[in-house]
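Notes to accompany the following structure.
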Amino acid sequence: DWLGEGVSELVLDRLYTARNLYVFDREERIAASERIGIPSSAVISRATDMRLGWSLGADAVISGSMQGDHDHFQIDARVVDLAGVRISGDYSVTGKLDDVIRMVNDLAADLSENFISAPQTPLSPGPGVSAFENYIRSLITQDPQRRLALLNDAVRPDPNYPSAQYRLAAAYLFERNYKASNLALENVPPGSREYLQAQFLRGLNHYRLGEFSAASKVFAALPPTYDVLVNLGVSLAAQGDGAQALLAWSRASSQDPLGS
């Protein structure tokens, strides 16, 4: 259960880091599957791969499978190029289960050759296996307290694990512990897949803590999307700066006249 989710998450994280690609996260993929009626436990065919990718507006879909035991483990993957309407060759890595992080790094390096939108960036070794397992188990548990405990276990041996720190911050936000959430967000560095989302959460946390000036500075530094501009306006209004708040809301309205 956790290993399949883990390999998927790590491959996407590695591809983002190596090629600066936009990758659809787990929640987006689940939502797309639900929209077109694919059960979470379903075995995905190549045709379903394409259907799911088209529903997301993706240029490519990566899918795969795993087999073997602790000493002889294999991960297989394939890329379906939706933009070019072609199927790439198959990719495979083998090794011991204890070396799954290295195996996924090798697999992601091979897969990244399909995507030439940006030069490849050298990959870090990645999280330790224990931190990785705790992080992935936190994604699939339905118990908020269990999730919080698993995420703390993930970052304790590996504080520089941006995905786990981001999820930990989100878990603290759910618990309305905004100060603890922002402490975790400080460990999500620029360039990581979660950085912009982390900064947005920082702005929300500052606002909820009554730190309106800090909130507006965070939102002002982010790309001016509709949600960012709306929250920038709210933060400015809370400081009594009605003119700048109206300007921010006007910019948001011009982006999405039907936004609410």
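Nothing fancy with the numbering, it's 1 onward along the sequence.
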Review point. Quick one: side chain to side chain donor-acceptor pair (under 3.5 Å) partners of Gln74, sequence neighbours excluded?
Key: Asp76, Ser92
Exercise: identify the closest heavy-atom pair between [X] and [Y]:
X      : Y      : result
Gln199 : Val218 : O-CG1, 3.0 Å
Pro162 : Ser192 : CB-CB, 3.9 Å
Leu82  : Ala58  : CD1-O, 3.5 Å
Val79  : Ala60  : CG1-CB, 4.3 Å
Ala164 : Leu151 : O-CD2, 3.9 Å
Asp158 : Gly128 : OD2-N, 3.7 Å

Exercise for review: Go through the side-chain N and O atoms of Gln165 and Glu186 and say whether any donor and acceptor fall under 3.5 Å apart.
Suggested key: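 Short answer, no.
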Pairwise distance [atom1]([X]) to [atom2]([Y]) - rounded to 0.5 angstrom:
X      : Y      : atom1 : atom2 : answer
Leu246 : Leu236 : CG    : CG    : 10.0 Å
Arg156 : Tyr161 : CZ    : OH    : 15.0 Å
Tyr166 : Leu201 : OH    : CG    : 4.5 Å
Asn231 : Tyr226 : CG    : OH    : 10.0 Å
Asn205 : Leu209 : CG    : CG    : 6.5 Å
Leu232 : Lys217 : CG    : NZ    : 13.0 Å

Any side-chain heavy atom of [X] within less than 4.5 Å of one from [Y]?
X      : Y      : result
Arg208 : Leu173 : yes
Val228 : Pro223 : no
Tyr91  : Ile62  : no
Val100 : Met66  : no
Ile75  : Val11  : no
Asp98  : His70  : yes
Leu139 : Ile136 : yes

Practice item. Hey, could you give me each pair passing side-chain hydrogen bond (donor to acceptor under 3.5 Å, both in side chains) that has a residue in residues 235-248? Not counting sequence neighbours. Key: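 Of all non-adjacent pairs touching residues 235-248, those that pass side-chain hydrogen bond (donor to acceptor under 3.5 Å, both in side chains) are Ser216-Gln239.
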Practice item. Test Leu3 against Leu97 for side chain to side chain contact (heavy atoms under 4.5 Å, CB included), laying out the working first. Key: CA-CA 10 Å; Leu3 191 55; Leu97 187 55; 3.6 Å; yes
Check your understanding: So, the side chain of Ser250 versus the backbone of Leu247: is there a donor-acceptor pair under 3.5 Å, distance only?
Key -> no
Check your understanding: Do Ser55 side-chain atoms and Leu52 backbone N/O form a donor-acceptor pair below 3.5 Å?
Key ->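 Yes, because the side chain of Ser55 sits within donor-acceptor range (under 3.5 Å) of the backbone of Leu52.
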Review point. Can you name the residues that form a ring-ring contact (aromatic ring centres under 6.0 Å, His included) with Tyr178, not counting sequence neighbours?
Key: none
[Y] reachable from [X] in the ILVMFWY side-chain graph, under 4.5 Å edges:
X      : Y      : answer
Ile30  : Val7   : no
Val188 : Val155 : no
Tyr135 : Ile140 : yes
Leu185 : Leu183 : no

Exercise for review: Walk me through it: do Arg193 and Glu9 pass the test salt bridge (Lys or Arg N to Asp or Glu O under 4.0 Å)?
Suggested key: CA-CA 11 Å; Arg193 179 158 58 115; Glu9 182 75 12; 2.9 Å; yes
Check your understanding: After noting the C-alpha distance and the side-chain angles of Leu229 and Phe219, does the key distance pass the side chain to side chain contact (heavy atoms under 4.5 Å, CB included) rule?
Key -> CA-CA 7 Å; Leu229 291 169; Phe219 291 129; over 6 Å; no
Review point. With a 4.0 Å cut-off, would you call Lys179 and Glu211 a salt bridge?
Key: no
Review point. How far apart are the C-alpha atoms of Leu12 and Arg29, what are their side-chain angles, what is the distance that settles it, and do they pass the side chain to side chain contact (heavy atoms under 4.5 Å, CB included) test?
Key: CA-CA 12 Å; Leu12 294 179; Arg29 299 194 306 274; 2.9 Å; yes
Practice item. Would you please test Asn152 and Tyr172 for side chain to side chain contact (heavy atoms under 4.5 Å, CB included) and show each step? Key: CA-CA 11 Å; Asn152 273 298; Tyr172 277 129; 3.4 Å; yes
